[in-house]
Structure formats: structure tokens, C-alpha cells
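Indexing begins at 1, ligand by ligand and atom by atom, following the structure's order. Residue numbers count from 1 along this sequence.
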Amino acid sequence: MQKLLVTGGSRLSGELSLQGSKNSTLPIMAAALLAEGECVLRNCPRLTDVYSASRILGCLGCRCSFADSCAVIDSGAVSGTEIPEHLMREMRSSIMFMGAILGRMGECTISIPGGCELGPRPIDMHLAAMKRMGVEVRDSGGRITCRIPSGRAKGARISLPFPSVGATENIILCAVTAEGETVINNAAREPEICDLCCFLRECGAEINGDGESRITINGKAHLHGCIHTIMADRIAGATYLSMIAAAGGEIILKNACTAEMEPFLSVLEQTGCSIYSGDDRIYMRSTGRLKAVRDRIRTMPHPGFPTDAQAVLMAALATADGTSVFEENIFDCRYRHTDALVKMGADIQVMGKVAVVKGVPELHGAEVNATDLRGGAAMITAALAAKGTTEIGCISHIDRGYEKIEEAVRLLGGSVRRV
Ligand code: EPU
């Protein structure tokens with residue numbers, strides 16, 4: 001099992017080009033199944049989750065290859081409809097293949113997806129939506145068989161009880177080749193949904209309203225291949241900015257999605273960091289001595305503060321002057337990183353969905369284990385600001401979403417070694 005050794009205490013500075021977005025790439029790889037031709041994804045990040053998605057595509061009969069920062073997916077010979085349980089378990093996004101396989105083949109067999117343990121992550125909204133679109137769903141002991149009797153899903157009006165990112169994406173994937181019009185009310189508005197829709201439009205789909213809470217899709221019988229550039233990863237961006245905020249220093253973040261990062265940047269600015277953003281660049285400077293954030297930091301669906309950036313910002317605020325309060329409203333169990341931060345000297349009290357972070361003058365190195373993807377990134381963030389060396393285990397969680405994170409941190413002058 002690999003570990004990261006992070007030695008903190010030095011200021012960071014440098015330029016970094018942001019990786020492509022994990023949470024865009026995964027549903028787009030599923031969407032490539034719908035195209036009867038070759039899709040080229042530029043700016044595709046090299047992540048273990050991306051390789052898991054390519055294994056799923058492979059077992060369905062698609063050809064998937066990687067060269068430089070491109071992924072090439074050819075779904076011309078797609079033949080399979082079943083995803084083996086071990087591949088379903090590798091990541092949460094395996095569920096996204098349900099809508100895509102149904103859209104292309106009219107039937108599929110899947111099971112409950114894996115992914116980061118952030119509390120219960122049911123798929124009830126996904127299944128209810130598929131049923132509304134004419135899909136027959138049978139669950140026998142966790143193996144889920146879906147079938148569309150006529151072979152082609154039917155457009156439907158679907159109102160989501162909560163703007164779930166994954167359910168919105170699955171509905172879109174099934175609806176783009178369905179018969180007639182699908183309307184999603186209370187749809188998720190995350191930028192990655194717009195990137196998915198942009199890709200699908202490049203394949204010939206007709207979708208309107210993405211980025212708003214009502215999305216309309218007019219199904220087309222056939223979609224074709226395309227060349228698409230994956231958007232920048234706003235959460236990786238939030239992570240690297242949090243590292244600079246915590247350790248002190250300056251950064252130019254290139255190839256950034258500045259508008260999409262605004263909900264995070266507006267909170268980070270309250271810590272006293274100087275931030276200038278324009279076009280696709282963000283410049284940030286931090287003295288390393290942050291102010292606590294006065295207003296409660298509430299995670300909310302986009303355009304609210306992103307849940308995926310909660311842990312990394314918390315790590316930076318662990319050494320701020322004053323007390324910051326977080327409220328996690330998306331996942332029931334997304335404070336598992338706090339034990340590690342406390343072990344490093346942080347003063348954090350968790351009460352249900354609220355975490356109270358009293359800034360301490362200094363953190364110290366410790367032996368910790370990554371609990372999940374963003375929690376692991378928070379441990380690196382805290383370690384870069386801490387005195388001494390932190391040993392982080394279970395880093396396979398981190399590799400799921402950050403491309404060569406140790407190289408990126410070293411580019412900024414941080415001391416990180418993979419052993
Ligand atoms: N939910 C249900 N039923 C459903 C679907 C969701 O109750 O059928 C609940 C979930 O349990 C959760 C909430 O709704 O409490 C939000 O879940 P959502 O479906 O919006 O999230 P997701 O699609 O599972 C994606 C990202 C997550 C990100 C969330 C929220 C991907 C691959 N994953 O997950 O990213 O936190 O949206 O923005 O896009 C990460 O990158 O570290 C990560 C966890």
C-alpha cells in the first residue's frame with residue numbers, strides 16, 4: 001500500500017494548469033456509449049476512476065484508449081448490457097452507465113454502485129425516473145435488471161425531490177435517445193451537467209435548459225461521435241487554492257473555470273486571501289495566517305458552496321484566527337476527515353451536520369489514513385501547513401480524483417513523496 005509523506009512549513013508558489021474534471025469525464029465516458037461512432041475526449045484526466053470507467057466500457061464491447069491527455073472511445077461494436085458486480089463496486093459513477101446502456105441497448109443489468117463512503121447513497125431517484133420513462137426494473141438481491149419492453153424509452157415529465165447530480169445525469173442519458181420529450185424539474189445545476197449536455201449536443205442530441213432547474217430533452221433515434229474538450233476540475237482548483245491558503249504563498253492557476261468556481265472563491269476571499277480572477281486564470285496570494293469565515297459555510301447544490309470543497313477548506317481554516325462553522329447539507333457522513341485533522345492538532349467539534357472549527361496556532365505532523373477522496377486531499381492540505389512530516393495512508397482514495405497530486409504539489413514547492 002502506497003503512502004504520501006508530506007513535510008509542511010514552507011511557503012508555496014508557482015503556476016499550475018488544472019486537470020480536466022473527474023465529475024464531467026465519468027458521465028461523459030458513459031455518454032460515449034450512446035454515440036454510434038468514435039468520440040475523442042480532450043483534457044481527459046488520468047485517474048483511477050477514469051480507468052474504472054474504461055474497464056466498464058471495455059466489458060460492454062467498446063474500444064477505449066488513452067494517448068497524452070486524450071481518451072478515444074469507439075462504441076461502434078457495443079454488444080454487452082451487463083456490468084459485473086466488481087466493476088459496479090469500483091466507483092459511484094458506475095450507476096451512470098444505467099441510463100446510457102438503456103438508451104443504446106434497451107436493457108441492462110447492474111448492481112448497487114460503490115464509491116466514497118459519505119453516508120447512505122441510495123439510487124431510488126435514478127430508478128424511479130427510469131420507471132417513469134417506461135423501464136421495467138427488477139431487483140433481486142441487489143442485482144438490478146432493467147428492460148424497456150418496446151426497446152426505446154419514452155419521454156416523460158420528471159420532478160426530482162432533490163436536485164441529485166447523478167439522477168439528473170442518468171435521466172439525460174436515457175432521454176437523449178428516447179421517443180419524444182423529457183422534462184426534468186428541479187434538475188441539478190452543477191457545471192458538470194452542462195459539460196455533459198454540451199458533449200451530447202456535439203453528438204447530435206437536443207437538450208435545452210441545462211444549468212437551470214428545468215431541462216428539456218427531445219429524443220433522437222441516433223447520435224454520432226464527436227471531439228469534446230472536458231471542462232477544468234473546479235474541485236481540484238479549490239483544493240490547490242486551499243493548499244496555498246493554508247501554507248501561505250502565491251499561485252497562478254491556469255486553465256481554470258473561474259465562473260464555476262465563484263461559489264468557492266467568494267468564501268475563500270473572506271479568509272483574507274487576495275484573489276484576482278479573469279478568463280481562465282486565477283491568481284491568489286495568502287500570508288498563511290487566515291481569518292475565520294464569519295458566516296456559516298453551508299454546503300448546498302450548485303450554485304451554493306460545493307460539498308466537495310468542504311474538507312479542503314476546513315483543513316485550511318484549522319489554523320485560522322477565530323472560529324469557523326460548517327454545515328454539511330448534501331451528505332450525512334462527510335466529516336470523516338476531521339479525526340485525522342484533530343490528530344494533527346486541530347480543534348474541531350462535530351455535532352450532526354455542523355462542524356465547529358476553532359483555529360489553532362499550529363498543526364503538527366501525524367500518521368493518518370485518507371478516509372475518502374476529498375478527505376484525503378484535506379489531509380495533504382493540513383500537512384502542508386503543519387510542522388513536521390505527515391504520513392498519509394490509504395491514498396488510493398486520493399488517486400481516484402487527483403491526477404499526479406504529488407507532482408502538482410511539488411511544482412508549487414511543497415515537499416511530498418510517494419513511498
Ligand atoms: N440521493 C438520494 N437518492 C438518489 C440519489 C441521491 O437520496 O437516488 C441523495 C444522496 O444520498 C446525497 C444527495 O442526494 O445525500 C446528493 O447526491 P447526488 O446524487 O447529487 O450526488 P452524486 O451524483 O452521487 C455527485 C458527485 C459527488 C458530489 C455530489 C454532489 C460525481 C461522480 N460525484 O455525486 O462528487 O459530491 O454529486 O455535488 O459526479 C467527489 O467528487 O468527491 C464526489 C463525491
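- Proximity of T307 to ligand 1, defined as any heavy-atom pair under 4.0 Å, is confined to the side chain (atoms from C-beta onward).
- If you number the atoms of ligand 1 from 1 as listed, the ones under 4.0 Å from a heavy atom of I123 come out as 8 (O).
- Residue-to-ligand polar distances keep A167 apart from ligand 1: every N/O pair is separated by 3.5 Å or more.
- Under a 4.0 Å criterion applied to the non-hydrogen atoms of K22, ligand 1 contributes the atoms 40 (C), 41 (O).
- Listed by number with element, the atoms of ligand 1 under 4.0 Å from a non-hydrogen atom of R334 are 36 (O), 40 (C), 42 (O), 43 (C), 44 (C).
- Close approach to S93 involves these atoms of ligand 1, each under 4.0 Å from a residue heavy atom: 32 (C).
- Atom numbering of ligand 1 starts at 1 in the shown order; those under 4.0 Å from a heavy atom of F162 are 13 (C), 14 (O), 16 (C).
- Inspection of the E202 and H224 side chains reveals no N or O donor paired with an N or O acceptor under 3.5 Å.
- Of the polar atoms of N23, at least one N or O is found under 3.5 Å from an N or O of ligand 1, judged by distance alone.
- Polar contact with ligand 1: present for P122 (N/O pair, distance under 3.5 Å).
- Heavy-atom contacts of G166 reach the following atoms of ligand 1: 19 (O), 23 (O) (cutoff under 4.0 Å).
- Geometrically, ligand 1 and I330 share a nitrogen or oxygen pair separated by less than 3.5 Å.
- Of the polar atoms of L26, none of the N or O atoms is found under 3.5 Å from an N or O of ligand 1, judged by distance alone.
- You'll find the ring centres of Y335 and F326 outside the 6.0 Å limit.
- Contact annotation: for H302 versus ligand 1, there are no heavy atoms closer than 4.0 Å.
- Partners of R417 according to the side-chain hydrogen bond (donor to acceptor under 3.5 Å, both in side chains) rule, which considers only residues two or more places apart in sequence or in another chain, do not exist here.
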